[in-house]
Undergrad: 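The following block contains the structure, expressed as structure tokens.
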Protein chains: 2
Amino acid sequence: MSLWSRTRNTVYREITATAMALFLERGFDATTIDDIAAAAGISRRSFFRYFGTKEDVVLGDLIASGDLVRQALEARPDDEEVWAALRNALHSVKDTAFDEPTMLKIFTMVHQTPSLRARSIEKHLEWQALLTPEVRRRLGADPADPLDVRADALVATVITCLDVAGDAWTRGNGAVPLETLFDAAAAAVRAPGG
Amino acid sequence: MSLWSRTRNTVYREITATAMALFLERGFDATTIDDIAAAAGISRRSFFRYFGTKEDVVLGDLIASGDLVRQALEARPDDEEVWAALRNALHSVKDTAFDEPTMLKIFTMVHQTPSLRARSIEKHLEWQALLTPEVRRRLGADPADPLDVRADALVATVITCLDVAGDAWTRGNGAVPLETLFDAAAAAVRAPGG
DNA sequence: GCCTGATTGACACTGAGTGCCAGACCGGCA
DNA sequence: TGCCGGTCTGGCACTCAGTGTCAATCAGGC
């Protein structure tokens, strides 16, 4: 069993690396799954045993991060303001699978490819669902009341700020760190004047 | 030319009505474009001359609304707070093509169908791009500075609040009006404690 | 060495979306 | 009336993503 998952993880990472190289070289839409399968030396059918969709190759690690963010949020002290707790939880999770210039290229690709952008936002919706229960708890909200939107709104807004910051980060070619942009976005939203 | 567009609009509306009936009857994913084309008495190929994607049948009117929101925003007085101006601009645009129970069904379908949800968010991104310039103007931001994220953050957050409110609206079966939910979401985001 | 279960590749299929082409339609014109 | 331009339409073939099925293969346990 341990050997299994190790082998599986190896293949998984190999496909990811191969596909990413192709994506960055000739673009996401211009790369077909047949291309990836051929380059990775597997069958088309096997690709779909590792990834549900082509988008998941790029965004797969992002999904897994969602649970890490949840854990980080739950680890924040109870007396911390919800907003700050969410911010710190997000910042504590860094994806270190690629170096920063590559990350910038990937981010840019995601933000410029509609299907990737959409999928990425869907992943963010999953994060929302993951983080909302803990925020409800911190707000003392009834966990089952569908009409108490406070937690949903807070989580969604924080993630939106992250998205806006990521967008600006790619537009500015990574000149300003993501954290700075995020804090600027958050400050704008919470400023009394608006 | 006037006759043309009138005919075209008639066909457009006919396809929409036919397709919506099928969607609400048997579900979005379970309805193929062949089904729609057959029911509407057109060819499959012609369907794609009126709609780029299947999702656009449901969300097409939403796209057009974006421009109305922009106009409404530009019509708000200059001394109104940006946040309030955005809120009022959004509220002033109501889609009256369907009665409320039907709207609730459509909203629920959109929020429960991943591909529709994704497309709907893409449309919201388009709204963002449409509304941001005017907000930048009101904030006195450099129109070309990619690192000034204030306007993007504000617009994105307001739209996020609308999305959260819409989600709660469907979860509560329309018991509480959308406006009330939106204002509750906005209040939660802007509350000092967070 | 055999058995069991998981993985794999090959094939066929659905369904969305696109390019192409020939024919129908319609207003204008002689 | 008959011709002529442009446009809309339907039909066909195609690409590509994603799914179901099945037989072959490969690994470890007995």
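Each chain gets a letter, A, B and so on, in the order its sequence line appears, and its residues count up from 1.
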Undergrad: I need the CZ-C1' distance between B:F47 and C:dT18, as an integer number of Å.
TA: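 In whole Å, C:dT18 C1' lies 14 Å from B:F47 CZ.
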Undergrad: Between D:dA17, C:dA16, D:dC22, which nucleotide gets closest to the side-chain atoms of A:R49?
TA: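 Of all the options, the side chain of A:R49 is nearest to D:dC22.
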Undergrad: B:Y50 near the nucleic acid: base, sugar-phosphate alone, or nothing, with a heavy-atom cut-off under 4.0 Å?
TA: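 B:Y50: backbone/sugar contact only, no base atoms under 4.0 Å.
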Undergrad: From CG of B:D29 over to C1' of D:dA17, roughly how many Å is that when rounded to an integer?
TA: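 Roughly 14 Å, once rounded to whole Å.
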Undergrad: For A:H91 and A:F182, take the angle between the two ring planes, folded into 0 to 90°, and tell me which bin it lands in: parallel under 30, tilted 30 to 60, perpendicular over 60.
TA: perpendicular
Undergrad: Whole angstroms only, please: what is the CZ-C1' distance between B:F51 and C:dT18?
TA: 18 Å
Undergrad: How long is the line joining CZ of B:F48 and C1' of D:dC8, in whole Å?
TA: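 Rounding to the nearest Å, CZ of B:F48 and C1' of D:dC8 are 17 Å apart.
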Undergrad: Would you mind telling me which of D:dG18, D:dG10, C:dA16 lies closest to the side-chain atoms of A:R44?
TA: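 Side chain of A:R44 sits closest to D:dG18.
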Undergrad: Can you identify which nucleotide, out of D:dC16, D:dG18, C:dG17, has its nearest atom closest to the A:I33 side chain?
TA: D:dG18
Undergrad: Would you say the side-chain atoms of B:D152 and B:Q128 include a donor-acceptor pair closer than 3.5 Å?
TA: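 Note: B:D152 and B:Q128 side chains miss the donor-acceptor criterion.
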Undergrad: Without decimals, in angstroms, what is the distance between B:R8 CZ and C:dC26 C1'?
TA: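 To the nearest whole Å, that distance equals 17 Å.
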Undergrad: Going by heavy atoms in the side chains, are A:D167 and A:R117 under 4.5 Å from each other?
TA: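 Heavy-atom side-chain distance check passes, below 4.5 Å.
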Undergrad: Take the angle between the ring planes of B:H124 and B:W127 and call it parallel below 30°, perpendicular above 60°, tilted in between.
TA: tilted
Undergrad: Given atom CD1 of A:I36 and atom P of C:dG9, what is their separation to the nearest angstrom?
TA: 15 Å
Undergrad: Rounded to the nearest angstrom, tell me the gap between atom CD in A:E55 and atom C1' in D:dG18.
TA: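 Spelled out: CD on A:E55 to C1' on D:dG18 is 11 Å.
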Undergrad: Mind checking whether B:Y12 and B:Y50 have parallel, tilted or perpendicular rings, split at 30° and 60°?
TA: tilted
Undergrad: Among D:dG11, D:dA17, C:dA16, which nucleotide has an atom closest to any side-chain atom of B:S43?
TA: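 Within the option list, the nearest is D:dG11.
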Undergrad: Rounded to the nearest Å, what distance is computed from the CG atom of residue A:D34 to the P atom of nucleotide D:dC14?
TA: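 One finds 17 Å between P of D:dC14 and CG of A:D34, rounded.
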Undergrad: B:S46 side chain N/O closer than 4.0 Å to the phosphate oxygens (OP1, OP2) of D:dG10?
TA: yes
Undergrad: Between the base of C:dG17 and the side chain of B:R45, is there a donor-acceptor distance below 3.5 Å?
TA: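 By the distance-only test, no, there is no pair.
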